[in-house]
Trainee: 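Following this message is one structure expressed as structure tokens.
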Number of protein chains: 2
Amino acid sequence: MEDYDPLALENQLCFPLYAASKELTRQYKPLLGPLGLTYTQYVAMMALWEHDGITVGELGAKLYLDSATLTPLLKRLENHGYVQRERSKEDERAVIVTLTDEGRDLRKRAVDVPFCMAGCLKLAPEEALELKRLLTKVLQSFA
Amino acid sequence: MEDYDPLALENQLCFPLYAASKELTRQYKPLLGPLGLTYTQYVAMMALWEHDGITVGELGAKLYLDSATLTPLLKRLENHGYVQRERSKEDERAVIVTLTDEGRDLRKRAVDVPFCMAGCLKLAPEEALELKRLLTKVLQSFA
DNA sequence: CGCTATACAATCGCGCACGATTATATCATG
DNA sequence: CATGATATAATCGTGCGCGATTGTATAGCG
């Protein structure tokens, strides 16, 4: 290992992580486009399908996003008719995000998306699990 | 596994990939800021330190980026004095990207960056290798 | 040689992503 | 209860990221 180059692209761990993430969201496009969603809007909807009626801050904590990203994104989802945004009565600082009927119905049209992605991801099931475990570990090391 | 939810955020492989990539570039910021680089500019410089004098298209192939992203990015690097852009004499369609002296010198100030990142990434060496292998495999499945 | 097809970079438009700031509401504390 | 501290979302500015389009240069082909 005498001539190991720490700055060679080939020797990076972070670069394939960065590149794979970009390529992945590109793969989602043909699946999400018909639903009128970008990838980030899709993960926001996933969070809301699980936890309807949470605040912008709570949503951001789940998605690792702040209000600078979420506020305009949620306005776009609102314009699409998928969510509703309203100030909390109990705490006027917080904004509650609620699914509309259309937003809830969208879930049915999205259930095939994870299955399609699993198909184009050429990993053995145990490799996919190990990858997820390692990525979660990386993510947690930045807590 | 009767009530397995394919749309739960917790069950996604792609979401931690997306989130980890974002958090990672955030970790790079304090290291790259003093060098006057963003993360994408940094990987572009890594590619150029290895292959000086390549075209925008060749650079894009290495980084999985197209000219819409690279042209403005390279102009910023040019304004910083790190690279030079000039039309190829042999093929006037192509633009050659060349490092300046300052761009080459920057490499010395960047050699510690991968080491610092390895430190904040709390993975065992064999886990890091396995993660890199799996990410590369994902990336190649989109060839 | 002329003419179409292809290649290449640049440009445009839109949507993240985020550090920093701002405005408002709530909390804490004396 | 008043006032400073904290919390929350919105806003602003900059830089990706990319699909689509444009303009120019080269290649291919009759």
Side-chain angles (χ1 to χ4, degrees), chain A residues 15 18-45 54-61 63-80 83 85-97 142, chain B residues 15 18-30 32-45 54-61 63-80 83-97 142:
Chain A
F15 176 66
Y18 157 81
S21 174
K22 274 189 307 144
E23 293 304 306
L24 215 57
T25 62
R26 196 205 306 277
Q27 296 292 314
Y28 270 101
K29 249 163 228 190
L31 302 176
L32 298 180
L35 308 182
L37 295 178
T38 65
Y39 180 71
T40 310
Q41 289 168 10
Y42 168 66
V43 294
M45 291 301 290
I54 61 178
T55 68
V56 173
E58 289 164 345
L59 186 56
L63 305 182
Y64 301 85
L65 293 171
D66 70 354
S67 67
T69 300
L70 282 177
T71 297
L73 182 147
L74 290 169
K75 284 181 180 175
R76 282 186 282 269
L77 286 178
E78 192 172 36
N79 289 338
H80 275 295
V83 306
R85 299 160 57 248
E86 48 188 344
R87 290 270 162 197
S88 164
K89 299 291 184 223
E90 300 83 47
D91 185 344
E92 291 271 338
R93 291 171 301 182
V95 167
I96 308 284
V97 185
F142 301 144
Chain B
F15 175 67
Y18 156 81
S21 173
K22 272 189 307 144
E23 292 304 307
L24 215 55
T25 62
R26 196 203 308 275
Q27 295 293 313
Y28 271 100
K29 248 162 230 190
L32 298 179
L35 308 182
L37 295 177
T38 65
Y39 180 72
T40 310
Q41 291 168 8
Y42 168 67
V43 294
M45 291 301 290
I54 61 179
T55 68
V56 172
E58 289 164 344
L59 185 58
L63 305 181
Y64 301 85
L65 293 171
D66 70 355
S67 67
T69 300
L70 282 178
T71 296
L73 181 146
L74 291 169
K75 284 182 180 173
R76 281 185 282 269
L77 286 179
E78 192 173 35
N79 288 338
H80 275 295
V83 307
Q84 210 173 356
R85 297 160 59 247
E86 48 188 344
R87 290 268 161 199
S88 164
K89 299 289 184 225
E90 300 84 47
D91 186 343
E92 292 269 339
R93 291 171 302 183
V95 168
I96 309 284
V97 185
F142 300 143

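Every chain is numbered from 1, with letters handed out A, B, ... down the list of sequences.
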Trainee: Are B:Gln41 and B:Leu35 side-chain neighbours, meaning at least one heavy-atom pair lies under 4.5 Å?
Mentor: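 Heavy-atom side-chain distance check fails, nothing below 4.5 Å.
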Trainee: Quick one: does A:Ser67 reach the base of D:dA10 with a side-chain donor-acceptor pair under 3.5 Å?
Mentor: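 Side chain to base: pair present.
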Trainee: Return the OG1 to CG distance between A:Thr40 and A:Leu77, rounded to the nearest 0.5 Å.
Mentor: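 Separation between the atoms: 10.0 Å.
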Trainee: With sugar-phosphate meaning primed atoms plus P, OP1 and OP2, does A:Glu90 contact a base, only sugar-phosphate, or nothing at under 4.0 Å between heavy atoms?
Mentor: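 Here A:Glu90 touches the backbone only, sparing every base.
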Trainee: Hey, where on DNA chain C does chain A first and last touch, going 5' to 3'? Cut-off is any atom under 4.0 Å from a heavy atom.
Mentor: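 Boundary nucleotides touching chain A, in 5' to 3' order, are C:dG15 to C:dT26.
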Trainee: Identify the two heavy atoms, one from B:Tyr64 and one from A:Lys22, that lie closest to each other, and give their separation to 0.1 Å.
Mentor: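 Looking at all heavy atoms of both residues, the shortest contact is O-NZ, 2.8 Å.
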Trainee: Do A:Leu24 and B:Tyr18 have side chains that approach each other closer than 4.5 Å (heavy atoms only, starting at C-beta)?
Mentor: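 The answer is no; the side chains never approach within 4.5 Å.
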Trainee: Atom pairs, N/O to N/O, protein against nucleotides 4-8 of chain D, distance under 3.5 Å?
Mentor:
residue, atom, partner, partner atom, Å
D:dA7, O4', A:Arg93, NH1, 3.2

Trainee: Is any side-chain heavy atom of A:Leu37 closer than 4.5 Å to a side-chain heavy atom of A:Met45?
Mentor: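 A:Leu37 vs A:Met45: side chains touch.
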Trainee: Could I get a table of every N or O pair under 3.5 Å where one atom is in the protein and the other is in nucleotides 16-19 of chain D?
Mentor:
residue, atom, partner, partner atom, Å
D:dC16, OP1, B:Thr38, OG1, 2.7
D:dC16, OP2, B:Gln41, NE2, 2.8
D:dC16, OP2, B:Arg76, NE, 2.7
D:dC16, OP2, B:Arg76, NH2, 3.0
D:dC16, O5', B:Arg76, NH2, 3.1
D:dC16, O3', B:Thr40, OG1, 3.3
D:dG17, OP2, A:Tyr18, OH, 2.4
D:dG17, OP2, B:Thr40, OG1, 2.8
D:dG19, OP1, A:Arg26, NH1, 3.4
D:dG19, OP2, A:Arg26, NH1, 3.4

Trainee: Nearest heavy-atom pair of A:Leu70 and A:Val56: which atoms, and what distance?
Mentor: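 Looks like CD1-O, 3.6 Å.
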Trainee: CG of A:Leu32 to OG1 of A:Thr38: how many Å apart, nearest 0.5 Å?
Mentor: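 The CG atom of A:Leu32 sits 7.5 Å away from the OG1 atom of A:Thr38.
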Trainee: Using a 4.5 Å cut-off on heavy atoms from C-beta on, say whether the side chain of A:Val97 contacts that of A:Leu74.
Mentor: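 Answer yes - side chains close enough.
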Trainee: In terms of side-chain geometry, is the basic nitrogen of B:Glu78 or B:Arg85 positioned less than 4.0 Å from the acidic oxygen of its partner?
Mentor: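 A salt bridge links B:Glu78 with B:Arg85.
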Trainee: Please examine the side chains of A:Tyr39 and B:Phe15, heavy atoms only from C-beta on, and report whether any two atoms are closer than 4.5 Å.
Mentor: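 They are in side-chain contact.
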